[in-house]
Amino acid sequence: MAKSPKKNQIDEDLVRQLSSLLEETGLTEIEYGRDDWHIKVKGGVQQAAVTSQVQNTTTAAPTPAEPAPAADNPNAITSPMVGVVFTGPDPEAPPFIKAGDEVKEGQTLLLIEAMKVFNPITATKTGRITEILISNGSPVEFGEPLLVLE
Amino acid sequence: MAKSPKKNQIDEDLVRQLSSLLEETGLTEIEYGRDDWHIKVKGGVQQAAVTSQVQNTTTAAPTPAEPAPAADNPNAITSPMVGVVFTGPDPEAPPFIKAGDEVKEGQTLLLIEAMKVFNPITATKTGRITEILISNGSPVEFGEPLLVLE
Amino acid sequence: MFDKVLIANRGEIALRILRACREMGIKAVAVHSTADNNAMHVRLADEAVCIGPPAAKDSYLSTSAILSAATIAGVDAIHPGYGFLSENADFAEMVEEHKFTFIGPSPDHIRLMGDKIAAKKAVSEVGIPVVPGPDGSLKDAEQARATADKIGYPVLIKATAGGGGRGMKVVESDAGIKEAFDLARAEAKAAFGYDEVYMEKYLAQPRHIEVQVLADNFGNVVHLGERDCSIQRRHQKLLEESPSPALNEAERQAIGETVVKAVKKLGYRNVGTAEFLYEDGNFFFIEMNTRLQVEHPVTEMVCGLDLVREMIRLAAGAPLGYEQSDIKFSGHSIECRITAENPDTFQPSPGKIGDYHAPGGLGIRVDSGLYSGYTIPPHYDSMIAKLIVHAPTRNECLMRLKRALGEYVIDGLDTIIPLHQRLIDEPDFVNGDYDIHWLERFVEGKKTKPG
Amino acid sequence: MFDKVLIANRGEIALRILRACREMGIKAVAVHSTADNNAMHVRLADEAVCIGPPAAKDSYLSTSAILSAATIAGVDAIHPGYGFLSENADFAEMVEEHKFTFIGPSPDHIRLMGDKIAAKKAVSEVGIPVVPGPDGSLKDAEQARATADKIGYPVLIKATAGGGGRGMKVVESDAGIKEAFDLARAEAKAAFGYDEVYMEKYLAQPRHIEVQVLADNFGNVVHLGERDCSIQRRHQKLLEESPSPALNEAERQAIGETVVKAVKKLGYRNVGTAEFLYEDGNFFFIEMNTRLQVEHPVTEMVCGLDLVREMIRLAAGAPLGYEQSDIKFSGHSIECRITAENPDTFQPSPGKIGDYHAPGGLGIRVDSGLYSGYTIPPHYDSMIAKLIVHAPTRNECLMRLKRALGEYVIDGLDTIIPLHQRLIDEPDFVNGDYDIHWLERFVEGKKTKPG
């Protein structure tokens with residue numbers, strides 16, 4: 001077996017041999033070295049299938065559902081319910097807040113209408129609205145980010 | 001292939017070769033080094049599914065088929081056909097050879113009977129029989145190791 | 001016909017309904033909790049709306065969240081599947097108030113059949129045989145004792161709001177009556193927030209046999225034969241088959257006609273199942289399920305109808321379009337419910353699916369949202385797949401089922417597939433000789449032997 | 001009945017046969033080349049014997065290797081599947097000489113039908129309509145020209161030993177006759193080592209419709225209706241359906257009875273398929289396939305029989321046990337052959353399967369040995385799976401097929417699934433309005449458009 005491989009030449013049999021050794025031994029990694037050369041092989045990690053499956057099944061699906069990216073921004077205020085979001089008390093009135101506004105904890109920022117009931121979304125802390133992620137009258141899912149308060 | 005890669009220069013063929021090796025072997029990473037150069041490639045973790053699937057489907061299968069372990073010993077002489085192996089010219093006669101015997105290249109070691117025809121298995125080189133892996137009259141698959149000649 | 005239907009459910013039944021919608025050219029809207037973001041029915045849906053956190057009460061049981069989603073998505077109708085809100089009359093009513101079509105029976109019938117005592121009275125009035133027992137609830141242990149003396153021990157004390165065996169107690173003799181009465185009340189209270197209980201004659205070794213019916217809005221009703229669901233553990237069905245090995249053609253026809261007549265008289269619509277206990281050739285009504293059932297596929301396999309498709313058609317106001325004489329039964333079908341549980345200890349085993357490979361070939365059907373890499377959320381029912389097999393005869397069906405169970409690979413967690421494999425090898429089962437207590441005894445027996 | 005059967009094939013059909021054996025309680029012995037060590041049928045087999053290297057000629061086509069394996073394993077019978085040795089009369093003969101049962105027609109019938117000219121003559125003598133043309137081979141270009149003048153252009157020059165379109169040439173006019181004759185001879189020589197060719201009338205826009213028959217060893221014969229296999233590319237079938245959208249009930253019965261009568265007269269046994277070209281209400285015999293066919297599942301779906309099971313039963317000497325009047329057809333079935341090829345360029349795409357997820361639910365059948373992580377060897381046919389769909393009507397069948405193709409995940413290589421998805425959306429196909437040239441035209445058309 002493994003005689004020292006010639007300059008810059010991969011000894012494929014050596015790699016294959018080590019790979020079948022992985023198979024056989026159940027090891028996940030083998031590193032082997034000689035004075036003037038060394039080799040290291042790693043076996044597969046189970047995880048793999050998952051993520052790729054996710055991508056692929058999603059491809060296969062006509063219209064994949066996007067998980068609500070709530071987690072994306074720790075400062076994002078997310079919707080506590082599915083409904084329609086309103087930026088002001090009524091269509092004519094100006095919005096409660098706009099990007100850049102300083103707001104006080106407890107201050108009403110938006111309304112979410114569900115089952116004819118208007119639920120106020122209030123500031124979780126005193127701070128500044130850096131971004132508004134929704135538009136007036138748009139439907140929102142549970143957990144959907146509405147705006148960013150920093 | 002790969003001539004010695006110059007300083008700060010990538011030998012693309014070498015990378016391609018290793019990546020196809022990943023593909024082929026189902027490895028996820030190959031690191032390969034020499035005094036004056038070294039390389040390491042990681043594959044999509046993908047591969048993983050293979051081996052585990054192999055194990056699992058096999059578990060689910062009533063009686064999994066074992067791939068002929070021909071490769072196990074480079075000095076093993078394997079069966080060139082499916083058939084029944086005989087250690088001597090006829091049931092009464094003594095076997096052609098026994099473990100420990102010195103044999104000459106071309107010398108008949110065994111007979112394999114397939115379709116009423118007896119096919120001689122001859123020594124591929126001059127050497128010593130270190131092991132006999134089959135018993136007289138036993139069936140053998142294609143590629144099944146018969147004996148070890150060193 | 002509807003353009004868009006909301007599926008107010010999850011798991012394999014949500015996928016089942018989605019597939020029917022697809023095949024009818026109807027857009028399917030999935031609603032899901034955050035725990036189901038990657039569920040197969042969510043991925044394959046035309047639209048998906050996240051309606052709440054994992055806890056079912058805040059998502060799949062939240063009428064307001066589901067109706068808001070329906071409004072936003074602009075659907076025409078809502079299919080409730082089974083479980084969750086499927087037998088909630090108030091929900092069905094709200095759905096209709098919001099001008100959506102509820103794909104199922106009328107709220108009134110759901111309400112009627114939801115009250116076990118009222119249901120028993122109602123169906124017996126239209127000619128369905130019921131279990132001997134007073135048709136009133138029991139006010140105290142004394143009345144319970146008196147009633148038991150009248151109908152004779154053993155007796156069964158059940159929660160009026162019952163279901164799934166909770167608030168259900170068997171009493172063998174006078175001695176145990178008070179304790180059983182109190183226990184049943186307590187359990188009923190805990191399970192249904194409502195402690196009314198009633199009593200009926202307890203049958204020693206009955207089979208569970210149920211009759212499937214379909215009814216349009218014009219009084220046309222057909223039955224689709226029976227399902228034998230006697231293989232149960234803790235009142236949970238594990239394996240169902242159609243036809244029942246216990247019925248002969250005459251019995252089949254007789255009970256079918258009885259149920260059809262009754263359903264017509266009740267003015268019942270859409271889909272329904274009359275559940276019976278069957279002992280010594282007699283049927284005793286248990287309850288009427290006003291929804292699609294988990295085990296509906298075995299009926300589909302033997303009568304060639306797509307029940308979900310039919311529910312949608314009928315809900316849209318289409319007439320049945322066929323009569324009893326058009327219903328042809330062919331072959332035998334068995335369904336194995338595959339749960340993520342240890343086959344010996346029944347420990348739930350949620351987690352991530354490693355390799356997944358469903359059996360294939362002739363006569364095999366798999367209804368499941370599983371895929372390699374999917375993580376089964378711990379918040380919901382442990383049923384993860386249904387393996388349904390169809391063949392010309394029961395014997396071929398058993399051989400095919402055995403073959404298919406052997407091919408099924410669900411890696412990364414425990415499933416009860418090994419239990420199914422053991423039980424279909426049992427002579428009793430092979431001979432169709434089992435009652436609703438058989439599996440409990442079998443499981444106990446097995447546990448003592450090496451797994 | 002047999003105790004042990006050797007499956008002399010690979011891929012999905014080996015698995016198909018293995019499943020039938022399992023369900024009949026017969027031990028299945030797989031034989032395989034070193035390239036198929038990890039094939040699903042090898043893993044699921046009761047016994048597996050490696051018979052040679054990847055090259056088919058040294059393994060799946062090696063009669064001696066297969067018969068040695070059969071001897072060693074001590075089987076009762078050998079099922080040849082399709083392709084490989086399935087229509088090799090000498091092999092069938094050797095199998096019987098070795099005292100094994102060959103699961104298929106008699107060697108004599110295989111030999112007769114293997115010779116296209118003799119077959120045409122034989123079947124026309126028992127009343128099967130054939131394509132106009134002399135029943136002798138052509139000795140030279142001159143005779144070819146004379147014959148063409150007689151039957152009129154366009155004509156088709158075909159290899160006597162033909163199959164799969166090799167050694168087949170269409171001649172539009174007198175001008176092209178010599179070149180076509182020489183080419184056909186050369187191709188025939190190359191493909192079959194035998195350059196005899198013959199001529200018949202060329203049909204401009206025929207459909208390929210074939211009739212499935214089953215015959216026992218006692219002269220009982222039934223037909224199982226027809227399959228329409230007109231969706232072909234380079235003479236390779238891609239999609240098949242039953243019943244044919246082109247036939248009416250009268251035509252179906254007529255051709256079925258004609259074939260049954262003929263098969264009885266020929267004393268034919270086991271399974272067989274009479275292939276016809278169909279144009280303007282007329283059938284013209286092409287050839288008789290003396291084996292199980294790739295597309296047999298669509299017949300199984302509509303008539304409820306397990307063809308492999310029947311082959312085994314009949315080979316074991318069992319009588320048919322039913323008559324033509326017992327064969328009931330229900331619904332519609334379509335099979336999509338899924339090959340590992342680029343859907344636009346048809347470049348073969350062997351390699352390792354990444355994620356694999358087969359469609360499920362009502363009316364879906366998948367026959368395939370694929371699994372996640374399996375490496376498709378480059379040495380054999382590119383067909384890796386068959387998706388078979390069944391529904392009450394052709395329209396529902398198409399909707400279901402569309403749904404199922406959308407769910408099918410075969411990752412890591414190209415498959416022609418996208419081509420199937422496109423073609424079932426084509427109005428021509430939806431209307432059943434296609435002939436054997438339709439797909440070629442469709443594919444050409446598509447190629448010009450963005451993929």
Side-chain angles (χ1 to χ4, degrees), chain C residues 12 15-25 40 43-44 296-297 300-301 304-309 328 330-331 354-374 385-392 395-404 406-407 409, chain D residues 12 15-25 40 43-44 296-297 300-301 304-309 328 330-331 354-374 385-392 395-404 406-407 409:
Chain C
E12 68 84 21
L15 182 59
R16 168 73 186 90
I17 296 161
L18 178 142
R19 285 167 165 162
C21 291
R22 268 290 146 70
E23 296 174 6
M24 297 175 80
M40 188 62 95
R43 293 173 157 182
L44 292 174
H296 75 277
E300 294 180 318
M301 303 316 275
L305 279 171
D306 179 333
L307 283 181
V308 178
R309 183 189 190 91
K328 301 264 171 280
S330 83
D355 294 307
Y356 179 77
H357 193 83
L362 178 58
I364 303 299
R365 167 181 173 183
V366 175
D367 278 21
S368 174
L370 292 187
Y371 59 86
S372 178
Y374 173 64
K386 301 189 310 199
L387 170 61
I388 304 106
V389 173
H390 183 239
N395 195 29
E396 288 168 70
C397 193
L398 286 173
M399 292 296 281
R400 184 162 287 165
L401 177 56
K402 185 174 177 162
R403 187 269 289 176
E407 287 181 21
V409 176
Chain D
E12 68 85 20
L15 182 58
R16 169 72 187 88
I17 296 161
L18 179 142
R19 284 167 167 163
C21 290
R22 269 289 145 69
E23 295 174 8
M24 297 175 80
M40 186 63 94
R43 296 193 165 160
L44 293 176
H296 74 277
E300 295 180 317
M301 304 316 277
L305 279 172
D306 179 333
L307 283 183
V308 178
R309 183 189 190 90
K328 301 263 173 276
S330 84
D355 295 308
Y356 179 77
H357 192 82
L362 178 58
I364 303 299
R365 167 180 174 184
V366 175
D367 279 23
S368 173
L370 293 187
Y371 58 86
S372 178
Y374 173 63
K386 301 188 308 196
L387 171 60
I388 304 107
V389 172
H390 183 238
N395 194 33
E396 288 167 71
C397 192
L398 286 173
M399 293 295 280
R400 183 162 287 165
L401 177 56
K402 186 173 176 161
R403 187 270 287 176
E407 287 182 20
V409 176

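What you are looking at is a predicted structure, and each value in this text was computed from that prediction instead of being measured.
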Could you look at Pro392(D) and say if it's the side chain, the backbone, both or neither that has a heavy atom under 4.5 Å from chain C?
side chain
Need one label for Arg403(D): side chain, backbone, both or neither, based on atoms under 4.5 Å from any heavy atom in chain C.
side chain
Tell me, please, which residues at least two apart from Arg309(C) pass side chain to side chain donor-acceptor pair (under 3.5 Å).
none
Specify which of Glu12(D), His390(D), Glu23(D) makes the most heavy-atom pairs with chain C at under 4.5 Å.
Glu23(D)
By a 4.5 Å heavy-atom criterion (distance strictly below it), what part of Arg400(C) contacts chain D: side chain, backbone, both, or neither?
both
Per-residue contact mode, Met24(D) against chain C (heavy atom under 4.5 angstrom)
backbone
Interface residue of largest heavy-atom contact number with chain C, from Glu396(D), Glu300(D), Lys402(D), under 4.5 Å:
Glu396(D)
Which one, Leu398(C), Leu15(C), Asn395(C), Val366(C), leads in non-hydrogen pairs under 4.5 Å with chain D?
Val366(C)
Which atoms of Ile388(C) are under 4.5 Å from chain D, going by heavy atoms: the side chain, the backbone, both sets, or neither?
neither
Hey, what's the ring geometry for His357(D) with Tyr356(C), parallel, tilted or perpendicular (30° and 60° as the breaks)?
parallel
Under the rule for side chain to side chain donor-acceptor pair (under 3.5 Å), what residues qualify as partners of Arg19(D), not counting sequence neighbours?
Glu407(C)
Chain C contact via Leu362(D) - side chain, backbone, both or neither, heavy atoms under 4.5 Å
both
